[in-house]
Amino acid sequence: MTGENKLRFELCVCIALVAVLCFVSLPVDAAVIKYQFDIQVKNVSRLCNAKPIVTVNGMFPGPTIYVREGDRVLINVTNYAQYNMSIHWHGLKQYRNGWADGPAYITQCPIKTGNSYVYDFNVTEQRGTLWWHAHILWLRATVYGAIVIMPKQGTPFPFPQPDREQVILLGEWWNADVETVENQGNTLGLPPNMSDAHTINGKPGPFFPCSEKHTFAMEVEQGKTYLLRLINSALNDELFFAIANHNMTVVEIDAVYTKPFSTQSILIAPGQTTNVLVRTNQTPGRYFMAARPFMDVPIPVDNKTAAAIFQYKGIPDTVVPTFPHLPNPNDTSFALSYEDRLRSLNSPQFPANVPLRVDRNLFYTIGLGRNPCPSCVNGTRLAASLNNISFVMPRVGLLEAHYSDTAGVYTTDFPDLPPTPFNYTGAPLTANLETAKGTRLSKIRFNSTVELVIQDTNLLTVESHPFHLHGYNFFIVGTGIGNFDRAKDPAKYNLVDPPERNTAGVPTGGWTAIRFRADNPGVWFFHCHLELHTGWGLKTAFVVEDGPGPDQKVLPPPKDLPPC
């Protein structure tokens with residue numbers, strides 16, 4: 001934690017300790033933490049180009065939120081930018097409280113220019129690293145930051161106590177205005193231009209022009225242990241990350257403790273977080289931290305490498321840093337073996353409560369397609385779908401429509417299975433690629449257990465996809481290459497200590513099976529966390545019904561919920 005952030009955190013805690021007296025219903029050790037987020041446009045320069053970007057409090061990346069497990073958090077977001085805005089607190093479960101989840105037109109209408117909205121939520125039974133980001137248009141390209149949830153007072157980490165810690169946010173940078181880039185792609189019916197650089201804490205590093213001031217450096221001391229809180233904030237790229245000559249011990253993913261293991265590199269998809277311990281046991285010097293994309297199919301990506309400096313104290317800046325060995329950009333073998341090593345800690349204090357019985361089996365296919373578009377370049381517009389349905393965003397919030405039982409906003413007939421089975425990962429299919437469109441949701445009974453198999457397909461091309469489920473963690477009980485086999489593959493599931501996440505990767509030309517208990521009522525977004533694919537319709541939502549008890553129903557909407 002930097003000195004500035006530590007001071008801000010301690011100030012927030014002091015204010016909160018006074019404020020907590022007003023909230024006697026909270027646990028004794030809980031606090032009320034308040035933040036003010038001003039959405040502002042600020043001129044920022046990178047890669048020899050200056051441009052206005054949307055920021056929070058003029059910061060890029062935005063401020064880190066520091067809270068403790070059990071706290072109540074109130075974040076007042078005031079929008080001074082020309083765009084409508086909503087903020088998603090990625091990975092926070094928001095029990096019964098989808099009003100604070102943030103995705104525009106799913107759980108709320110966006111905050112209009114000149115207006116404010118208070119995100120009011122409790123941090124319950126979660127601790128670790130999460131993050132927040134804009135959840136409208138492509139604004140999360142610059143509107144994002146970390147969430148650090150400390151354990152309850154007196155509760156130690158289930159791994160060696162680090163001497164220091166550092167947030168590492170991996171991102172992307174466009175020289176052009178990102179909304180212009182997105183709109184140009186939509187107008188042409190083609191993929192938008194890829195980013196011009198990757199970034200580490202908002203800075204591309206010394207391999208890019210005009211980056212003398214735009215290289216992040218972290219000073220470390222010999223013989224210490226550092227906790228790095230890594231977050232992939234990029235819009236469209238899965239990333240490898242490594243530190244030259246230093247191993248990393250993975251101890252947490254998506255704010256869930258893991259069985260520790262050592263690795264030279266990690267793979268992290270957009271939306272995911274990973275905590276690693278790094279021991280400064282090498283010859284004092286300067287070492288590069290580096291990030292570059294993983295892409296194992298011939299699809300264009302921004303293949304440039306972002307770099308930052310891991311610098312031992314007392315070493316002069318004139319020493320040339322050592323560069324790490326990163327996996328090759330198309331190293332499928334490393335990607336699969338790394339994912340296979342991830343296991344929940346599953347200790348008595350932090351058990352893995354994997355649903356062993358399944359009430360509802362779902363099977364969703366991921367497809368790319370083309371829909372007619374007379375004004376587009378090729379007469380078609382690229383689309384993406386689940387079970388051949390490209391999701392159409394509504395003009396009002398789905399949660400509000402569900403809560404008030406408003407008809408005509410959505411239907412609950414999203415199919416449990418694809419309409420037409422086929423050889424999903426066989427030869428590429430390039431005919432009959434038109435998708436259906438609709439605001440179609442899946443209704444789930446409260447407290448039922450769900451298994452969802454997400455199957456990649458070779459419609460146009462296979463590709464890996466990170467899928468994020470709002471309002472829940474889930475267990476990744478199985479994954480494989482090729483077509484999922486209902487008769488054989490479940491026998492290979494890990495039902496003991498599977499990784500627990502909020503964002504799961506579906507491998508290229510393969511499948512991933514997840515399980516969760518639907519114990520959080522409301523409307524919860526489910527989508528690919530590649531912004532490109534989300535915009536093309538690779539998304540849907542679950543309507544989880546209320547339970548019978550008074551504490552098993554969606555809370556009433558707050559009075560300041562933004563109107564559409």
(request) Decide yes or no on side chain to side chain donor-acceptor pair (under 3.5 Å) for Thr503 and His90, but give the supporting numbers first. (result) CA-CA 10 Å; Thr503 305; His90 186 113; 3.1 Å; yes
(request) Taking the side chain as every heavy atom from C-beta outward, state whether Pro466 and Cys528 have any atom pair closer than 4.5 Å. (result)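 They are in side-chain contact.
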(request) Report the C-alpha distance between Tyr364 and Phe414 in whole Å, list the side-chain angles of each, state the deciding distance to 0.1 Å, and finish with yes or no for ring pair (Phe, Tyr, Trp, His ring centres under 6.0 Å). (result) CA-CA 10 Å; Tyr364 290 177; Phe414 191 91; 4.9 Å; yes
Which class fits the ring pair [X] and [Y]: parallel under 30°, tilted 30 to 60°, perpendicular over 60°?
{"X": "Phe350", "Y": "Tyr257", "answer": "perpendicular"}
{"X": "His88", "Y": "His468", "answer": "tilted"}
{"X": "Trp89", "Y": "Trp132", "answer": "tilted"}
{"X": "His135", "Y": "His527", "answer": "perpendicular"}
{"X": "Phe525", "Y": "Phe391", "answer": "tilted"}
{"X": "Phe37", "Y": "Tyr35", "answer": "perpendicular"}

(message) Strictly below 4.0 Å, N to O, side chains only: are Asp551 and Arg96 in salt-bridge contact?
(response)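 A salt bridge is absent here (no side-chain N lies under 4.0 Å from a carboxylate O).
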(request) May I ask you to decide whether Arg445 forms a salt bridge with Glu545, counting only side-chain N to carboxylate O separations under 4.0 Å? (result) no
(message) List the residues meeting side-chain contact (heavy atoms from CB on, under 4.5 Å) with Pro562, not counting sequence neighbours, and say none if there are none.
(response)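 If we apply the side-chain contact (heavy atoms from CB on, under 4.5 Å) test to Pro562, skipping adjacent residues, the hits are Gln108, Ile111, Tyr117.
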(request) State which residue, out of Trp524, Tyr472, Phe475, fulfils the ring pair (Phe, Tyr, Trp, His ring centres under 6.0 Å) condition with Phe516. (result)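 The option that passes is Tyr472.
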(request) Check whether more than 12 heavy atoms from other residues, nucleotides or ligands sit under 6.0 Å from atom CZ of Arg395, and answer yes or no. (result) no
(message) Applying salt bridge (charged side-chain N to carboxylate O under 4.0 Å, His left out), can you list everything that pairs with Asp456, at least two apart in sequence or on another chain?
(response) none
(message) Which residues pass the salt bridge (charged side-chain N to carboxylate O under 4.0 Å, His left out) test with Arg381, not counting sequence neighbours?
(response)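 Scan of Arg381 (salt bridge (charged side-chain N to carboxylate O under 4.0 Å, His left out), adjacent residues dropped) gives none.
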Sequence neighbours excluded and cut-off under 3.5 Å, please list the side-chain donor-acceptor pairs for residues 136-149, or say none.
{"residue": "Arg140", "atom": "NE", "partner": "Glu531", "partner atom": "OE1", "Å": "2.7"}
{"residue": "Arg140", "atom": "NH1", "partner": "Ala234", "partner atom": "O", "Å": "3.1"}
{"residue": "Arg140", "atom": "NH2", "partner": "Leu235", "partner atom": "O", "Å": "3.3"}
{"residue": "Arg140", "atom": "NH2", "partner": "His529", "partner atom": "O", "Å": "2.8"}
{"residue": "Arg140", "atom": "NH2", "partner": "His529", "partner atom": "ND1", "Å": "3.3"}
{"residue": "Arg140", "atom": "NH2", "partner": "Glu531", "partner atom": "OE1", "Å": "3.2"}
{"residue": "Thr142", "atom": "OG1", "partner": "Val54", "partner atom": "O", "Å": "2.7"}

(message) Could you work out, with ring-ring contact (aromatic ring centres under 6.0 Å, His included) as the rule, every residue matching Phe446, not counting sequence neighbours?
(response) none
(message) Once ring-ring contact (aromatic ring centres under 6.0 Å, His included) is applied, do any residues pair with Phe241, and if so which ones, sequence neighbours excluded?
(response)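 So Phe241 forms no ring-ring contact (aromatic ring centres under 6.0 Å, His included) with any residue.
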(request) Could you go through the ring pair (Phe, Tyr, Trp, His ring centres under 6.0 Å) check for Tyr338 and Phe294 one step at a time? (result) CA-CA 13 Å; Tyr338 174 82; Phe294 163 62; over 10 Å; no
(request) Please name the residue in the list Ile75, Asn76, Leu74 that meets the side-chain contact (heavy atoms from CB on, under 4.5 Å) test with Gln36. (result) Asn76
(request) Determine the sole option in Asn275, Thr273, Thr274 for which the side chain to side chain donor-acceptor pair (under 3.5 Å) test with Thr129 is passed. (result)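 Answer to the side chain to side chain donor-acceptor pair (under 3.5 Å) test with Thr129 among Asn275, Thr273, Thr274: Asn275.
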